[in-house]
Amino acid sequence: MTSTERTVLVHEGRTWEPFVVGNTSWHRLRLDNPDEARRVIAQGSLVTPEGEELAPLIAKRVKARLLRAYADRPRPGVATEEEGRWLVDDVWRWGHKPLLAGQPRAGKSTLVADLIGSLLVPGRQFLDHYAPVDLTDAERERGVWLINAENPEPELRTVLESAGLEWWPDDLADGAGRYFAEGESPGWLLVDHLERLGGPRSFDLRIPEVYDMWVSRIMDLSCATCDGRDEAPPLVVIVDGLTAILGSDTTGYGAWNARFRDLMQEIEVPNALVVAHSPMGGGEAMNGVESVAGADGSWKYQMSNVHDPKAHRTFSGSRRLIQGGIEGGRVTFEGGRLRLNASRKPVGVDTSDGVSPRSAAAKPSEWETSVLARLRKAGSAGLMKTEVTGRGKEGTHRREALDALERRGVVNMRPDGKGHRYFLAVIPG
């Protein structure tokens, strides 16, 4: 057993178990003689209950925890200092940690690459639609950290380069690779390939020594020059993908997510995104209610038919504590990048008519309202197409309305037998 909860501290022939609840001798030492406690921590050795020394990197982080080395460190960009701010306008609230779900082969990693490009390349719009990310050079200098659990390195590099990032072969510790945004931007991306660290389980934060290793690793490698001037943690951490890390254990998300949020809090990363698989037919991540409960909202990037590579994709979602859903729609691949085709006017259109882009979304028509009411009543069971539309002349109008809502991402459809079942994806706010 190597859990830090049982780690033993040895100094000059004496031993303590500082992480064991109720260890009165250790707590009395810290309370009565804090200077001596600090000396014991600094000079002592950390071992397992069996006497095996902890790895140097893990021991360094455990001692930092005991010494409270990060307790008084400046807290740049924490959520409480950025009330009401958006990281990506209308999609990602500053300080939030949402969950992105999509079926296998839907292209979630390509979507993530487009998102990273919009964070680091000034003026680049996420999905060529949402407003450019408003970050200062100092904020972009803090960078993005991507945990890659599944994608082969060469293919991922190609996708990232298409998003405006240039790979820099600096060969960081254990093969982590760094990318820089093209042009004059100070933005950078560090990619940690878990295959080089022992496989996806090397980011299973439920294991205490793994958790401690990542605290040290992110703090040590996040700086661009490591000369003492840029030791702020990353601005964003993205984990792609959690299903592989948990070995498809859908019951493990709650415990893992709690530790992930602890990690982001401890190293003071304000924004994070976790990517996971949804069932083949679409729906919530990892096929469970548990996966939705712990995240700051749920994003979905899903395809209408997983067996057809040319099937269309839609992006939609919801946000925690904010009424209404993310205005998404159908996503296409045009001109070498992903593009969202939504109902509202794209950013930068002429609004001389007095209608702002955000309010320019088409209001539901009479037939769309009828379709939405039927799907809302059906709830999670959904309805087959004829059940939604009915027949005859009214059925024709409802079919047209259903197609329009599906194109805008308000409605999702999934294969069901020889037809498709329709579900309400986003409740208009």
Side-chain angles (χ1 to χ4, degrees), residues 77 86-102 106-168 170 172 176-194 203 218 221-222 224 232-242 264 269-276 299 301 313 315 317 326 331 333 336-340:
W86 291 90
L87 187 61
V88 178
D89 189 39
D90 280 347
V91 177
W92 194 349
R93 176 78 80 173
W94 188 281
H96 282 204
K97 299 166 182 62
L99 178 70
L100 167 64
K108 299 182 295 298
S109 297
T110 304
L111 182 82
V112 166
D114 190 82
L115 175 64
I116 293 171
S118 74
L119 294 172
L120 299 180
V121 180
R124 183 182 173 96
Q125 297 174 224
F126 176 46
L127 295 179
D128 197 34
H129 178 80
Y130 298 101
V133 177
D134 184 17
L135 295 176
T136 65
D137 282 353
E139 288 170 335
R140 283 196 173 90
E141 236 173 356
R142 289 176 57 181
V144 175
W145 194 296
L146 174 63
I147 307 295
N148 172 37
E150 299 179 290
N151 293 301
E153 293 181 41
E155 286 82 349
L156 180 61
R157 184 182 307 168
T158 298
V159 172
L160 290 170
E161 288 177 345
S162 70
L165 303 173
E166 184 177 0
W167 180 58
W168 187 264
D170 47 5
L172 297 171
R178 201 185 298 272
Y179 295 73
F180 288 93
E182 297 174 357
E184 300 299 322
S185 171
W188 58 268
L189 165 72
L190 190 142
V191 182
D192 242 323
H193 302 287
L194 295 188
F203 200 73
I218 294 176
L221 295 184
S222 61
L235 188 71
V236 179
V237 169
I238 300 176
V239 181
D240 183 15
L242 180 56
M264 297 298 97
V269 172
N271 312 291
L273 175 68
V274 177
V275 184
W299 302 357
Y301 185 60
R313 275 76 167 166
F315 175 71
I326 295 170
V331 177
F333 189 76
R337 65 166 301 184
L338 296 176
R339 301 181 189 277
L340 178 72

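- K108 approaches A101 most closely through the heavy-atom pair CD-C, 4.1 Å.
- Between the E166 side chain and the F180 main chain, no donor and acceptor come within less than 3.5 Å of each other.
- The CG atom of D128 sits 10.0 Å away from the CG atom of L338 when rounded to the nearest 0.5 Å.
- Partners of T110 under the side chain to side chain donor-acceptor pair (under 3.5 Å) rule, at least two apart in sequence or in another chain, do not exist in this structure.
- Shortest non-hydrogen contact noted between Y130 and D89 is CD2-O, 3.7 Å.
- Residues A181 and V121 share a closest heavy-atom pair of CB-CG2, 4.0 Å.
- When every heavy atom of A113 is checked against every heavy atom of A163, the shortest pair comes out as O-CB, 3.3 Å.
- A distance of 5.0 Å separates CG in N148 from CG in L156, rounded to the nearest 0.5 Å.
- The distance from atom CG of L165 to atom CG of L146, rounded to the nearest 0.5 Å, is 10.5 Å.
- In E155, the CD atom is crowded: over 12 heavy atoms of neighbouring residues, nucleotides or ligands sit closer than 6.0 Å.
- The CH2 atom of W92 sits 9.5 Å away from the NZ atom of K97 when rounded to the nearest 0.5 Å.
- For W188 (side chain) and E141 (main-chain N/O), a donor-acceptor pair under 3.5 Å exists by modelled atom type.
- Looking at residues two or more places apart in sequence or on another chain, you find a side chain to side chain donor-acceptor pair (under 3.5 Å) between D114 and R124, R337.
- The CD1 atom of I147 sits 12.0 Å away from the CG atom of L242 when rounded to the nearest 0.5 Å.
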- Message: Go through it in stages, so that I can follow the logic: the residues are L127 and L111, the test is side chain to side chain contact (heavy atoms under 4.5 Å, CB included), and I'd like the CA-CA distance, side-chain angles, deciding distance and then a yes or no.
- Response: CA-CA 8 Å; L127 295 179; L111 182 82; 3.4 Å; yes
- For side chain to side chain contact (heavy atoms under 4.5 Å, CB included), just list the numbers for F126 and V133, CA-CA rounded to whole Å, side-chain angles, deciding distance to a tenth of an Å, and then say yes or no. CA-CA 8 Å; F126 176 46; V133 177; 6.0 Å; no
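- Here the closest non-hydrogen pair linking V239 and F203 is CG2-CE2, 3.8 Å.
- Between atom CG of residue L100 and atom CG of residue L115 there is a gap of 9.0 Å, rounded to the nearest 0.5 Å.
- At least one donor-acceptor pair closer than 3.5 Å links the side chain of R142 to the backbone N or O of P233.
- In terms of heavy-atom proximity, D134 sits nearest to E139 at O-OE1, 4.3 Å.
- The aromatic rings of W167 and Y179 sit tilted, their planes meeting at an angle between 30° and 60°.
- Evaluation of the salt bridge (Lys or Arg N to Asp or Glu O under 4.0 Å) rule for R140 yields no partner, not counting sequence neighbours.
- A side-chain donor-acceptor contact under 3.5 Å links N271 to the backbone of L235.
- In terms of modelled atom types and a separation under 3.5 Å, the side chain of S185 and the main chain of P122 share no donor-acceptor contact.
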- Pair V236-L87, side chain to side chain contact (heavy atoms under 4.5 Å, CB included): steps then yes or no: CA-CA 10 Å; V236 179; L87 187 61; 4.0 Å; yes
